[in-house]
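Since the structure comes first, as structure tokens, the remarks are kept for the end.
Labels below follow one simple rule: chain letters A, B, ... track the order of the sequence lines, proteins then strands, and each chain is numbered from 1.
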Amino acid sequence: MDLLVDLQARGLVHDTTDIAALGARLAQGPIGLYIGFDPTADSLHVGHLVGQLFMRRFQLAGHRPFPLAGGATGMIGDPGGRSEERNLLDVETLRHNVGCIKAQLTKLLDFEPGPYQATLVNNADWTASITMLEFLRDVGKHFTVNQMTAKDSVRSRIESEHGISYTEFSYMLLQANDFRHLYEAHGVELQAGASDQWGNIVAGTELIRRRLGKQAFAMTHPLMLKSDGSKFGKSAGGSVWLDPARTSPYQFRQFWVQCDDQMIGTYTKMLSLRPVVEIEALLVQHEAAPEQRAAQRALADELTALVHGTKAAEHAAQAAAVLFGGDPTTASADVLAVVAGEAPSVDLPANIEGLRVHELLLAAGIAKSASEVNRLLGQSAVRAGNRVLDADGLLRASDLLSGGFLLLRKGKREFLVGKVSTTG
RNA sequence: GGGUCGGUGCCCGAGUGGCCAAAGGGAGUUGACUGUAAAUCAACCGGCACAGCCUACGUAGGUUCGAAUCCUGCCCGGCCCA
């Protein structure tokens, strides 16, 4: 299927420069494309997946992706989408972040040598050595302040009460120069990004046209939003990260399983690598029985496997089965160990017969006081395995599950895993 | 500086000597219902060795058998006057 048609069917095309020319160029053969990711944190989050998978789609269609870690642009800070100036990150943090992000950028793309090989680049490599005078003559000269202040990202900041520093004002020029550099060094003809990057991206196509007299292309995809219009990628605990140390594979998968019905179609089309026809069939099935969450599960499994590997994805799915509705007493020790990784845990004495549950829940921070535990017990809200504890909250030896695990549950959602400590 | 009104639990807000761990609402927790949703309904919602006790109504004292409630000093906020 034609790549552009496919992207449009997925709702991934927000804006492009000269789409007819781009279509013609893609038809001629492989193209290089790049998307930049600034190292504002030491991990990317789910919002970045659209861009990463955007490149993957191009790669699968035979093109060469150039994921870019913004070692240089990260030092400046993109003024877009903000009302205030960013705090500058120190060099050490930045270096650390770039390292982490680079590792994540290599996960979803194919770096095996070959015609479609992905190439990881860092704009610090060609930006750090440019002198101020060179930059002003070679880049700055090609832009008028009039054009620059006309861009949305800059104009909204000029109109805001905080204004915009000269530093962030310059961001656009750095990004434009990146595109120019990649065009010359690697034949990268297309820069993509989220729709809020449009101004910065076309600054690059303009620079290439003025300085090199060549045509380059810009293409943006829509920003992913939640059904209420708020920013995508936040869950109760904060951002959903790609780094398993920050967001476990289980939590990552749960984030997708719990997606809004209203948005799941949009998300699946934008993110899944499955063919659009297949996705549409899935969505028909989902609408017939939304309670099955077939679409959510499919997307959750696919993305978890992509980001964390198939093994981790399977474990996450099994852990979810235990935690939601499944019978924990029949779960294997292996699966319980995965569950244990997701819940707060406490050590248990060798014999738990007659042990009060109060201290365990308090130690894990699941209840704030013994009174609260008593209240919960009175409301039949505490279970060990699937046995509802009596008002006295005493455990029995038979509450232990395979592998010496104790699964305590407060209400439906909160869990505590106890493990009998073994000496040796 | 003078006058005046006020400071109540996570938030808002009633209470003006005992019936006050303190109305009502919001938030939160749990249960029912459910799709690991929304809405709805119900219970709970300071602590503990829990038929009892302790701590708490800005803060420090006082009056009283008994104080969130009365008195005094202090701190903080609103308004009015200077």
Residue pair A:Glu291/A:Ser371 against RNA chain B: nearer the 5' end by closest nucleotide is A:Glu291
Residue mapping more 5' on RNA chain B - nearest nucleotide basis, A:Arg253 or A:Ala381
A:Ala381
Quick one: do A:Asp42 and A:Arg246 make a salt bridge, cutoff under 4.0 Å?
yes
salt_bridge(A:Glu414, A:Arg409) N-O dist < 4.0 Å:
no
Report yes or no: do [X] and [Y] form a side-chain donor-acceptor pair below 3.5 Å?
X: A:His286; Y: A:Gln296; value: yes
X: A:Gln175; Y: A:Gln191; value: yes
X: A:Asp15; Y: A:Thr220; value: no
X: A:Asp301; Y: A:Trp256; value: no

Give the nucleotide from the list [options] with an atom nearest to the side chain of [X].
X: A:Gln379; options: B:C48, B:U36, B:C44; answer: B:C44
X: A:Asn374; options: B:U29, B:U36, B:C50; answer: B:C50
X: A:Leu376; options: B:U36, B:U30, B:C48; answer: B:U30
X: A:Lys412; options: B:U36, B:U29, B:G31; answer: B:G31
X: A:Gln296; options: B:G35, B:U36, B:G31; answer: B:G35
X: A:Ser369; options: B:U29, B:C48, B:C50; answer: B:C48

Within the structure shown, what part of the strands sits under 4.0 Å from [X] by heavy-atom distance: base, sugar-phosphate, or nothing?
X: A:Gln254; value: base
X: A:Arg375; value: sugar-phosphate
X: A:Lys410; value: sugar-phosphate

Expressed in angstrom and rounded to an integer, what is the separation of [X] atom [atom1] from [N] atom [atom2]?
X: A:Glu414; N: B:U36; atom1: CD; atom2: C1'; result: 14 Å
X: A:Arg383; N: B:G31; atom1: CZ; atom2: P; result: 7 Å
X: A:Glu372; N: B:G46; atom1: CD; atom2: C1'; result: 12 Å
X: A:Tyr250; N: B:U36; atom1: OH; atom2: P; result: 12 Å
X: A:Arg356; N: B:C50; atom1: CZ; atom2: C1'; result: 11 Å
X: A:Leu361; N: B:U29; atom1: CG; atom2: P; result: 16 Å
X: A:Ile264; N: B:U36; atom1: CD1; atom2: P; result: 15 Å
X: A:Arg297; N: B:G35; atom1: CZ; atom2: P; result: 12 Å

Watson-Crick or G-U wobble partner of [N], both distances under 3.5 Å:
N: B:U69; answer: none
N: B:C74; answer: B:G58
N: B:C79; answer: B:G3
N: B:A14; answer: none
N: B:C20; answer: none
N: B:C33; answer: none

Taking atom [atom1] in both [N] and [M], compute the distance separating them and give it to the nearest angstrom.
N: B:G52; M: B:G15; atom1: C1'; result: 27 Å
N: B:C50; M: B:A60; atom1: P; result: 30 Å
N: B:C44; M: B:G24; atom1: P; result: 11 Å
N: B:U63; M: B:C41; atom1: C1'; result: 50 Å
N: B:G78; M: B:C10; atom1: P; result: 24 Å
N: B:G13; M: B:G9; atom1: P; result: 11 Å
N: B:G58; M: B:G6; atom1: P; result: 13 Å
N: B:A14; M: B:G7; atom1: C1'; result: 15 Å

Pick out which of A:Phe217, A:Phe58, A:Phe179, A:Tyr183 makes a ring pair (Phe, Tyr, Trp, His ring centres under 6.0 Å) with A:Tyr34.
A:Phe179
